[in-house]
Amino acid sequence: MVPFPQSVRNVVPRDEDAAAVVPEAPPPGAIAVETIGMSKRFGTFAALDDVSMKIEAGGFHALLGENGAGKSTLVKCIMGFYAPSAGSVLVDGREVAITNPKGAQARGLGMVYQHFTLVPSLTGLENLVIARPRVPAVIDWRAERAALAAFMERMPFRLNLERPVAELAAGEKQKLEIIKQLFLKARFLILDEPTSVLTPAEAEEVLGLLRAMADRRELTVLMISHKFREVEAFARSVSVLRRGTLAGGGRVGELSRDDMAAMMMGARPVRAAPNRVGRPDPDRVVLRIADLRATDASGLRHLAVDALAVQAREIVGVAGVSGNGQKELADVLGGQIRAAAGRVEVGGEAYDGRRAQSRARRVRVIPEEPLRNACAPRMSVAENLAFRAFDRRAERGASEGGAVPGRPTVWLDTGAMRRRARDLIARFGVKTASAEAPIATLSGGNVQRAVLARELTDPVDLLVVANPCFGLDFTAVAEIRARILAARNAGAAVLLISEDLDEILELSDRIVVMSDGRIVHAVSRAEADARSIGRHMAGHH
Amino acid sequence: MVAETAPSDMVVAGSRPSASLPLRAWGARRAEALAIPLGALALGFGLFSLFLLSLGKSPAAFLDLVYRGGFGSAFALQNSLQRAAPLLFAALCVALPARLGLVVIGGEGAIVLGGLAAAAVAAPLSGAASGLGIAAMALAAFLTGALWLGAVGALRAWRGVNETIASLLMSYIAIALANHLIEGLLRDPGSLNKPSTRTIDEAFRVGPMPGLEVHWGLGVGVVACLLAWLLTERTTLGFAARIAGGNVRAAQIQGLPVGRLIAGFTALGGALAALAGFFEVAAVHGNANASLIAGYGYTGILVAFLARQNPLAIPPVAFLLGGIEASSGLIQRRLHLPDATILLLEGLLFLLVLVGETLYGRFKPFSPHLWGEKRAAASQTVP
């Protein structure tokens, strides 16, 4: 754990301490929040360096920046997760000491995380009630229900609070998270990449309603985002962080996208995506799925894909809101769940994801959240890079990555593993302290680079990739998309499963939409229309 | 206190600017794997000393007795090694499945059933050639153990049954089954006071190793540790197991046969534990009786965790624990402490070793990736 410097705790007298503030007390209305000289050091590494910014009461402020730019560190300092090494937080112009998230909550500061913090097995009502700072030992559910019904009348969203959270769609969960913060009387709301799990229409609705609340001066909003479109559409002002320092900011409308990109990236050149070369080959259908039925491990989600084909040199983008069967589709192709019925064919023969098959047919599956799903976090970078090839020894003289993947071997060749790791780390620009460092110590972008290095060095016939750029920064995103497109240009069939519609529209030759485990819409690149795709994603077919 | 013992070792490594970074990083990781268990051991003895003081006993006298009882004389050393032999196998039974991220604590059951199987096949083979008899007994034990714990692995792999609970419960079943058979079907009618199976032929007895009074179980156990290390660290099969242990989803995505790896490694662990039972019968007791249920399987868990599931570290740790157990009798007599005292010490050590497991990667001198962060930050400030 990071040791907490205690200096900030002494800023204000004891009686101002968070515990002394009655949680139910804050009067309604938006509050202004300001940081002054906020700095956070981890050892000698400055994650945040002298950041001062002010968010007016009733403002809608966007915080832009690459991964690792310090956005999360800044909001965690504001929320009292971290004690800043230096600097202070002003709420409504008064300096306050926030030493823990409870203290932040008591002062009307709330945060909605990128990952949900609700208890899945409880209903919305139960989640809201137990989230209160003081829950009575015996809960009078009838009274709570009545009180919440009255509270919901004043809320911008309609939600059924009687359903278990596990049954809610991602968008509904996000709304519930926001409602939870408003229920806890947050008057300053931090949103961490709120739209990463929403359909465009849901994002528009949620952010639009929050913006309206800000305009009525009921709420101040600070939104962390990667998406310029979102920032321009909803935020009133913006700050850009780069390498822990404030790189710039201003009012939305006075800054162009180029201005913001320049602030985010500094003087570095942004890699342009390579062009699409060649056309899909209709004579070579690499992946063919027919009447596939499968159920995930929980038994709750069902997959029913009647027909899906991917040709060589074609990217088929699978769009859809999270939890509509895309993950199950990737899991079937990755051999993690078995199909209950139907056929999956690769290169004209049945395919079930076993190692020998995936090697022979040259199939690569890159799951979402690579550290969680494609790596062993505590094993070294070199070892993780060897997952694909460790059980084969290259034939002497055969070129690396030739068509013959080498003969099977019993003995592990650690020397070759290390050499290959160094080579791949250099070629794919993986930033790591050493090849021996545990892969969990790498940043998200570098983990994804390592996984791509492992999976894309040899020729690939079918690439299945899920949410490859989720949570990654600008440069990493451009680079990773370029690599996927390069694989396609080299003749691979690519099934791109993504919750990021912009990504699908940018990369795909053909787009299909999944909803409720089925493919409900298919359209070619030329005819793709974000509105109609969004409508199908949202379940209006 | 564990934390404090750790960095002091590392000042040496850290203050050598001439050493190349990979070498330093390698040294730091090794030092961490040594410093944390040693710190846990030291702290455990420290707390145990407090316990002794509260009873009015002298910790110094206790340590002296442990030394004399376990390591101080040729007789004590032989005794310790004799006790270490089954611990080697029992620890491997924990360490091998641990490569797959499994916690198997049912080695005791495999030991008991292995011994019983060995004694059971020895009876009908009576009069056969020595080599044949010994091989048949060892094989019977090996297969019994493999089936017994392989079943636990299979339940885990294909039915999702928790292997820790299942192996423990299977252990109780094994002990009950063994008692039932020893007192019934397999009982030697001649064993009156202590129900036992028929004593095996003298030709089937496994003798001492040359120059020692310790039976061959010790040598075979050490070789088994070396082979287990080769298997886990130097073969592709072991690497596949480590992938599955590191992240089962990643292993599935790579198309590795996770289920078969789990069943195979637990079966191998059970087979090795059963060999301990075989040696107890063939080299120590001469028949299977209640003495087989001596708790080696449980002490083996402690050995494996103290050795951080590293097969190469198992022999020295088994020797240490064997010595502590060997001194148990002396401590009972001289200090007038109940025999549970050693169990208390072992339990305390185990708890602290488990706490120590959570400390890996927390100390900067041991964690090269934290040094890297420092350098990266430094290079950022000087563009």
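- By the 6.0 Å contact criterion, CZ on Arg338(A) is enclosed, its count of non-hydrogen atoms from other residues, nucleotides or ligands being greater than 12.
- Applying the 6.0 Å contact sphere to CZ of Arg361(A) captures more than 12 heavy atoms from other residues, nucleotides or ligands.
- Nearest approach of Ala374(A) to Ala250(B), heavy atoms of both residues: C-CB, 3.4 Å.
- Contact count versus chain B (heavy atoms, under 4.5 Å) is highest, among Ser358(A), Gly353(A), Cys375(A), Pro377(A), for Cys375(A).
- Annotation: the span from Leu412(A) atom CG to Leu230(B) atom CG amounts to 11.5 Å, rounded to 0.5 Å.
- Proximity to chain B is limited to the backbone of Leu371(A), based on heavy atoms less than 4.5 angstrom apart.
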Walk me through it: do Trp411(A) and Thr235(B) pass the test side-chain contact (heavy atoms from CB on, under 4.5 Å)? CA-CA 4 Å; Trp411(A) 298 106; Thr235(B) 68; 3.7 Å; yes
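- Here the straight-line distance linking atom CG of Asn247(B) with atom CZ of Phe387(A) works out to 8.0 Å at 0.5 Å rounding.
- Atom CZ of Arg388(A) is separated from atom CD of Gln254(B) by 4.0 Å, given to the nearest 0.5 angstrom.
- Closest heavy-atom contact between Arg249(B) and Arg372(A): NH2-O, 3.0 Å.
- Contacts between Thr409(A) and chain B at a heavy-atom distance below 4.5 Å involve backbone atoms as well as side-chain atoms.
- When heavy atoms are compared at a cutoff of 4.5 Å, Glu383(A) approaches chain B by way of both its backbone and its side chain.
- When every heavy atom of Asn373(A) is checked against every heavy atom of Ile253(B), the shortest pair comes out as O-CG1, 4.0 Å.
- Using a 4.5 Å cut-off between heavy atoms, Arg364(A) does not touch chain B at all.
- Atom CG of Asn384(A) and atom CD1 of Ile243(B) lie 8.0 Å apart (nearest 0.5 Å).
- Within the 4.5 angstrom heavy-atom criterion, atoms from both the backbone and the side chain of Ala240(B) approach chain A.
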